[in-house]
Amino acid sequence: MSQVRVRFAPSPTGFFHIGSARTALFNWLYARHTGGTFILRIEDTDQARNSEAFLNLIYESLDWLGMDWDEGPVFRKNGGGDYGPYRQSQRGDIYQRYKQQLLDSGRAYEKDGAIWFKLLGERYKVFDDHRKKEVEKVKTAPVVIDDRIRGRVERQEDEDFVIFRSDGNPVFHFVNVVDDIEMKVSHIIRGEDHLSNTSKHVRLYEGFGVTAPVFAHIPLILKSPEMGQGKMSKRDKGALIEEYQQRHFLPEALVNYLALLGWNPGDDREKMPIADIVKLFDLPGVNQSNAKFDGKKLANMNMVYLLEQPADRFVSLARDYFAKQPTGATVMANEAYFRDIMLLAQPKIKSVDELGAYTGYFFTDDFSIDPKVTEKVMAKGDPKARLTELGAAVPAMDFSSDATIETALKSLAESKGLGFGDYQAVARLAVSGTNAGPSLTSIFRVLGKEKVLQRLRKLLEVS
RNA sequence: GCCCCUAUCGUCUAGCGGCUAGGACAGGAGAUUCUCAUUCUUCAAACCGGGGUUCGAUUCCCCGUGGGGGCACCA
């Protein structure tokens with residue numbers, strides 16, 4: 001069996017979005033699954049819309065998601081290869097050569113300053129009511145595509161088409177095919193939106209006297225019902241990879257979710273390590289119908305991953321997050337203290353970007369107090385009495401561990417004929433300003449006696 | 001308008017001629033925990049319609065309908 005060579009060929013004309021990432025992922029997975037080669041090729045022929053910033057975003061995003069490329073532009077540890085250059089803007093001479101070949105063999109001709117690819121067959125004229133003009137058509141045999149995902153697809157290609165514009169630039173269909181031939185691409189895995197183009201491409205392969213690669217057209221990602229109809233576009237909420245990076249999602253969670261959009265391992269497994277996905281992924285397992293994007297399921301996947309991160313990794317993720325927050329320097333000033341708190345938060349939060357709000361009161365005395373929670377807590381029992389009792393008891397408590405604090409609090413409650421719950425809510429409100437957080441005993445321990453007392457007193461004063 | 005693809009809970013999906021149509025997310029209700037979150041239990045929720053083929057269709061075929069994509073000197 002010949003070597004599998006697949007490519008991902010984005011154009012740097014906009015932000016890198018979910019759909020592109022998924023196409024890249026399926027190519028990458030197939031390459032890794034088969035032990036083949038994953039090529040990154042930049043389709044930057046559209047000079048007006050290209051930008052270096054977008055190009056860099058492609059590199060950064062792929063790198064962040066863990067999709068390393070064996071051949072392509074050099075970026076960090078990725079890239080290189082013998083079939084370059086890997087940017088179409090630098091391959092002009094190759095396109096000229098292929099154009100000449102077609103001209104020489106009579107499969108291309110010039111008209112209106114452009115170069116057209118010539119179909120073989122009897123010609124006739126017909127009025128096209130979509131374009132509202134008369135066009136010349138060619139009676140050709142239908143193109144048969146043996147798609148690895150769709151099965152047999154038959155389509156008529158019945159009009160000559162432009163391969164070089166009158167400004168001298170080659171068009172997408174032409175460069176795409178030429179590059180795939182030159183780079184010895186064996187499998188073309190791309191979005192279903194290209195299925196209709198494939199008949200053109202097949203004719204071009206034939207024109208060059210080359211066997212076409214295997215095609216595999218994957219389903220598209222559609223908007224979720226709340227977002228409306230149609231395929232996901234760059235303007236839709238949650239469509240950009242950059243957004244998840246900024247929200248500090250775990251790239252492996254995003255990749256896992258994306259893999260499940262249009263593919264499944266054949267059983268009920270959903271969360272699975274990338275190595276397992278690589279092992280199980282194959283083209284016949286890819287669905288034929290489009291999938292709607294579900295941000296909630298992605299968020300859940302992210303949480304599931306977050307919960308099981310080893311402590312060191314979680315702290316490092318937290319550090320990346322706080323490095324970008326205005327309060328970051330203060331928060332991370334004391335490494336041990338920071339780590340302690342982050343590990344208290346880890347099992348409780350759903351995403352890293354909640355960390356700031358969730359742990360704020362640990363790092364400043366000037367934290368906000370939730371008025372709604374206050375109202376609720378202060379309405380029940382005699383919270384002010386509990387605060388007073390706590391204030392009196394805390395100085396003598398053993399703050400050396402959660403367990404000793406718990407024992408002390410429970411014995412205080414017992415001595416008053418009350419339960420732990422009678423103190424918990426109001427104490428929590430005093431030290432954290434809210435009703436959600438790590439266990440009260442942990443908060444006490446981390447904060448220390450002095451701050452706990454100070455906050456208990458403060459709440460007593462204002463209430 | 002023409003061409004191509006597609007169709008199971010709200011969403012992602014399993015099913016590959018005979019099943020109480022399974023799982024997951026989201027939603028409802030309980031339980032556990034010092035709060036919250038997690039976790040656990042539980043409930044509700046689907047085979048687009050019509051024809052065939054067959055002893056028997058969610059499953060195979062055809063026609064509708066719905067959804068998606070394509071029809072450029074864009075990529």
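Here the structure is a predicted model, which means the values were calculated and not measured. Throughout, protein chains are lettered first and strands after them, A, B, ... in sequence-line order, and every chain is numbered starting at 1. Because only heavy atoms are used, hydrogens play no part in the values below, and waters and symmetry mates are left out as well, while side chains stay in.
If you check distances only, the side chain of Ser196(A) never reaches the base of C71(B) with a donor-acceptor pair under 3.5 Å. For U11(B), the base has no donor-acceptor partner in the side chain of Lys223(A) [N/O atoms by modelled type, under 3.5 angstrom]. Donor-acceptor pairing under 3.5 Å, judged by distance alone, is present between the side chain of Lys348(A) and the base of C36(B). For C73(B), the base has a donor-acceptor partner in the side chain of Ser166(A) [N/O atoms by modelled type, under 3.5 angstrom]. Scanning atom types as modelled, one donor and one acceptor separated by under 3.5 angstrom connect the side chain of Glu270(A) and the base of G23(B). Side-chain atoms of Lys297(A) and base atoms of A24(B) include a donor and an acceptor less than 3.5 Å apart.
Taking for each of Pro219(A) and Ile149(A) the nucleotide of RNA chain B with the nearest heavy atom, the 5'-most of the two is the partner of Ile149(A). Comparing Thr13(A) and Asp193(A) by the nucleotide of RNA chain B whose heavy atom lies nearest to each, the residue mapping closer to the 5' end is Asp193(A).
Across all strands shown, nothing is found opposite C19(B) as a Watson-Crick or G-U wobble partner with both distances under 3.5 Å. With a cut-off of 3.5 Å on both pairing distances, the Watson-Crick or G-U wobble partner of C25(B) is G10(B). Base pairing analysis places C48(B) opposite G64(B); the two distances defining the Watson-Crick or G-U wobble pair are each below 3.5 Å. Look at C71(B): its Watson-Crick or wobble partner, with both distances under 3.5 angstrom, is G1(B).
Contact check, Asn290(A) against G69(B): no side-chain N or O comes under 4.0 Å of OP1 or OP2. OP1 or OP2 of C74(B) lies within a sub-4.0 Å distance of a side-chain N or O belonging to Arg165(A). For Lys350(A), a side-chain nitrogen or oxygen approaches OP1 or OP2 of U38(B) to under 4.0 Å. A sub-4.0 Å separation between OP1 or OP2 of U13(B) and a side-chain N or O of Asn287(A) is present. An OP1 or OP2 oxygen of A75(B) is reached within less than 4.0 angstrom by a side-chain nitrogen or oxygen of Thr45(A). In terms of phosphate contacts, Gln288(A) brings no side-chain nitrogen or oxygen within less than 4.0 Å of OP1 or OP2 of C5(B).
Residue Arg155(A) places its side chain closer to C4(B) than to any other of C4(B), C34(B), U35(B). The side chain of Asn435(A) sits closest to U35(B) out of U35(B), C5(B), A7(B). Considering only the side chain of Lys292(A), U11(B) comes nearest among G22(B), G67(B), U11(B). Candidate nucleotides C36(B), U11(B), U38(B) were compared by shortest atom distance to the side chain of Pro225(A), and U11(B) ranks first. Listed nucleotides: G22(B), U6(B), U11(B). Nearest to the side chain of Asp294(A): U11(B). The side chain of Lys231(A) has G68(B) as its nearest neighbour among U11(B), U35(B), G68(B). In this structure, of G70(B), A14(B), G10(B), it is A14(B) that holds the atom nearest to the side chain of Asn264(A). Each of C36(B), C4(B), U6(B) was ranked by its minimum atom distance to the side chain of Val153(A); first place goes to C4(B). Closest approach to the Leu440(A) side chain among A14(B), U6(B), C34(B) is made by C34(B) (side chain taken as heavy atoms from C-beta onward). Closest to the side chain of Ala291(A), out of U13(B), C73(B), A75(B), is U13(B).
Between Phe249(A) and Tyr244(A), the two ring planes are perpendicular [angle over 60°; tilted spans 30° to 60°]. Relative ring orientation between Phe38(A) and Phe8(A) is described as parallel, the plane-to-plane angle staying below 30° on a 0-90° scale split at 30° and 60°.
In this structure, Gln156(A) reaches neither bases nor backbone, as no heavy-atom distance under 4.0 Å exists between it and the strands shown.
Going from the C1' atom of G30(B) to that of A21(B) covers 27 Å, rounded to whole Å. For the C1' atom pair drawn from G28(B) and G52(B), the interatomic distance equals 43 Å after rounding to whole Å. Comparing the same atom, C1', in U41(B) and in C4(B) gives a spacing of 48 Å after rounding to whole Å. For A29(B) and A44(B), the P atoms lie 15 Å apart once the distance is rounded to whole Å. With both ends at atom C1', the span from C43(B) to A57(B) equals 30 Å, rounded to whole Å.
Using a 4.0 Å cut-off between charged nitrogen and carboxylate oxygen, Lys139(A) and Asp158(A) do not count as a salt-bridge pair.
Exactly one of Arg203(A), Arg123(A), Lys111(A), Arg107(A) qualifies for a salt bridge (charged side-chain N to carboxylate O under 4.0 Å, His left out) with Asp160(A). That residue is Arg123(A).
Between His173(A) and His201(A), a ring centre-to-centre spacing shorter than 6.0 Å is recorded. For Phe26(A) and Trp263(A), the ring centers are positioned 6.0 Å apart or more.
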